[in-house]
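A single structure is presented below for examination.
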Protein chains: 2
Amino acid sequence: MARPKSEQVRQAILDAAHQLFMEKGYTATTIGAIARQAGTAQSNVYVYFQSKFDIGFAVFDPWMRQKVTELEEKVGSVSDPQDRLHTLVEGLLHGIASDPSGQTMTLVQVLATVKPSDEYDPELLMWTLERIREMIGDILPGASPAEHDVLTQALMLSFDGIALRQNLRREEVSDDHGISAMLTLMKPYLDREKPAAKVAEAG
Amino acid sequence: MARPKSEQVRQAILDAAHQLFMEKGYTATTIGAIARQAGTAQSNVYVYFQSKFDIGFAVFDPWMRQKVTELEEKVGSVSDPQDRLHTLVEGLLHGIASDPSGQTMTLVQVLATVKPSDEYDPELLMWTLERIREMIGDILPGASPAEHDVLTQALMLSFDGIALRQNLRREEVSDDHGISAMLTLMKPYLDREKPAAKVAEAG
DNA sequence: TGTCAATAGCGAATGTCATTCGTTCAAAAA
DNA sequence: TTTTTGAACGAATGACATTCGCTATTGACA
């Protein structure tokens with residue numbers, strides 16, 4: 001009832017935040033700057049979002065879903081299993097986790113500065129895990145579900161690790177070694193129908 | 001020359017910071033609180049440390065070295081290679097990365113809030129990498145140096161990933177799957193002298 | 001078509017921090 | 001002793017996220 005929130009204003013705030021996060025990072029972006037860029041009052045931002053944390057997540061969430069969806073298409077368009085795996089790992093760890101536009105930095109800075117009052121919903125994490133498990137299942141139909149889980153978990157863990165390092169943006173701390181390491185660790189699964197390791201308690 | 005800095009004061013600040021970081025986390029701990037707890041003036045803290053970042057790192061660094069050293073001893077005391085690998089991965093990822101005292105949260109929050117003016121020195125990271133590579137070399141003498149690198153990089157990446165998630169402290173986001181996944185991925189290296197994967201570009 | 005009540009929108013606070021300033025005073029060097 | 005350097009300190013500064021009190025709009029209802 002009464003005066004409704006404007007979808008335009010909401011989107012303007014998200015767009016402004018998105019652009020500023022890319023330019024300066026989440027921490028260095030102020031609510032005042034977001035409001036100015038969005039053409040509204042600083043205090044009005046709080047009519048649309050509960051907190052800066054909220055904005056950060058609202059910006060990252062659709063970006064991440066978009067990227068993962070694109071990756072699914074890309075992986076789907078490759079036929080050779082070895083190339084598919086390479087595309088998946090490379091795309092996830094290089095293309096998304098160490099994405100140069102800085103969206104991943106947003107995620108890290110958002111997650112690292114959660115306050116108890118911020119409500120973190122792991123739904124995006126679960127959704128992403130699901131997509132990756134599915135892609136891995138497609139690439140390695142011979143492996144067991146437990147093995148799919150193992151590879152999925154390891155990939156997501158690496159994703160988070162690379163994201164954290166990305167935040168440092170130091171030449172000395174390159175991601176390349178880590179990425180090729182994960183690729184190497186996963187490769188053996190391509191070569192067998194029933195891999196040696198059935199230890200997987202993951203599930 | 002002139003009045004020298006007091007090692008006592010410096011240590012008091014570090015101790016106070018250490019305790020408060022464990023209790024409330026890095027972000028939620030204020031310089032004022034550290035000073036009060038250390039029995040000195042807030043401004044005097046800046047005589048001993050350049051910034052809050054500096055303090056965070058000065059607290060984390062010796063803790064991490066201690067933990068890694070303990071892990072080396074623990075791994076060294078185990079004889080069976082399979083148990084050694086298990087001890088290493090479990091100790092690194094469970095014992096250190098998801099350490100409940102909150103030191104890892106300190107690391108994550110410190111790294112995630114670096115400002116350009118903060119001088120991050122990757123020396124601790126390099127030192128840790130070196131120790132882990134050495135342990136892996138001991139456990140898998142049959143593997144090539146390139147393979148040692150691969151496993152080291154993958155382990156450190158997982159370490160960072162688990163540390164980031166640890167910061168969320170949510171039941172839904174457990175580390176166990178990720179840890180056992182890494183263990184599973186590494187196990188095959190125990191069973192062969194010359195593993196299939198020689199793809200390792202890492203080095 | 002007019003009135004009411006809810007609430008978007010806004011400018012000016014608040015409150016919390018890290019960090020800096022200006023001054024004082026202890027101790028090393030002369 | 002005297003001088004000089006810099007530790008110690010209380011009081012600013014300057015950034016921010018977030019809240020407050022008020023005004024203006026707009027949907028619902030008469």
Could you give the CD1-to-C1' distance, from B/Ile31 to D/dA8, as a whole number of Å?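 Going from B/Ile31 (CD1) to D/dA8 (C1'), I get 16 Å.
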
Under the rule for salt bridge (charged side-chain N to carboxylate O under 4.0 Å, His left out), what residues qualify as partners of A/Asp61, not counting sequence neighbours?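 If we apply the salt bridge (charged side-chain N to carboxylate O under 4.0 Å, His left out) test to A/Asp61, skipping adjacent residues, the hits are A/Arg65.
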
Tell me whether A/Gln8 at atom CD has more than 12 heavy atoms from other residues, nucleotides or ligands lying less than 6.0 Å away.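 Open: at most 12 neighbouring heavy atoms sit under 6.0 Å from CD of A/Gln8.
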
Is it the case that the side chain of A/Ser98 and the backbone of A/Leu93 share a donor-acceptor pair, with hydrogens and angles ignored and the cut-off at 3.5 Å?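 Yes, the answer is positive, given that a donor and an acceptor are paired below the 3.5 Å cut-off.
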
Could you write out each protein N or O paired with an N or O of nucleotides 21-26 of chain D at a distance under 3.5 Å?
unit_1: D/dT25; atom_1: O4'; unit_2: A/Arg3; atom_2: NH1; d: 3.3

Which angle, to the nearest 10 degrees, lies between the helix axes at the two ends of the helix from C/dT1-D/dA30 to C/dA30-D/dT1, each defined by five pairs?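 Here the local axes at opposite ends form an angle of 10°.
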
Go through residues 36-53 of chain A and report each residue with a non-hydrogen atom lying under 4.0 Å from DNA chain D, sorted by number.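 Contacts with DNA chain D under 4.0 Å: A/Gln42, A/Ser43, A/Tyr46, A/Ser51, A/Lys52.
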
Once side-chain contact (heavy atoms from CB on, under 4.5 Å) is applied, do any residues pair with B/Glu23, and if so which ones, sequence neighbours excluded?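 Listed in chain order: B/Gln19, B/Leu20.
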
Which part of the nucleic acid, if any, lies within reach of A/Thr113 when heavy atoms closer than 4.0 Å are counted: base, sugar-phosphate only, or nothing?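 No contact.
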
With heavy-atom distances below 4.5 Å as the criterion, would you say the side chains of B/Thr184 and B/Lys187 are in contact?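 Side chain of B/Thr184 against side chain of B/Lys187, heavy atoms only: no contact under 4.5 Å found.
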
Between B/Arg133 and B/Glu130 (salt bridge meaning N to carboxylate O under 4.0 Å), is one present in this structure?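 Looking at B/Glu130 together with B/Arg133, the answer is yes, because their closest N to O distance falls below 4.0 Å.
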
Determine: side-chain N/O of A/Lys115 to OP1/OP2 of D/dT18, distance under 4.0 Å, yes or no.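 Yes, such a contact exists.
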
Can you measure B/Gln8 atom CD to C/dA27 atom P for me and round it to whole angstrom units?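 Rounded to whole Å, this separation is 13 Å.
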
Check salt bridge (charged side-chain N to carboxylate O under 4.0 Å, His left out) between B/Arg36 and all other residues, then give those that pass, not counting sequence neighbours.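 Partners of B/Arg36 under the salt bridge (charged side-chain N to carboxylate O under 4.0 Å, His left out) test: none.
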
Expressed as a whole number of angstroms, how long is the span from A/Glu7:CD to C/dG9:P?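 Taking atom P of C/dG9 as the reference, CD of A/Glu7 is at 12 Å.
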
Under 4.0 Å, heavy atoms only, any strand: does A/Ser117 hit a base, just the sugar-phosphate, or nothing?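 Nothing, no nucleic acid heavy atom in range.
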
Would you confirm whether B/Lys52, through its side chain, and B/Thr29, through its main-chain N or O, come within 3.5 Å as a donor-acceptor pair?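 Here the side-chain-to-backbone pair exists.
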
Distance in angstrom units between B/Leu20 CG and C/dA18 C1', rounded: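 Nearest whole value for this atom pair: 16 Å.
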
Backbone N/O of B/Ile96 and side chain of B/Thr104: donor-acceptor pair under 3.5 Å: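 Yes, B/Thr104 side chain to B/Ile96 backbone: donor-acceptor pair under 3.5 Å.
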
Might you confirm whether atom CD of B/Gln50 has over 12 heavy atoms from other residues, nucleotides or ligands at distances under 6.0 Å?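 For B/Gln50, atom CD is not crowded (no more than 12 foreign heavy atoms under 6.0 Å).
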
When you measure from the side chain of A/Tyr48 to the backbone N and O of A/Ser6, does any donor-acceptor pair fall under 3.5 Å?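 A pair under 3.5 Å: yes.
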
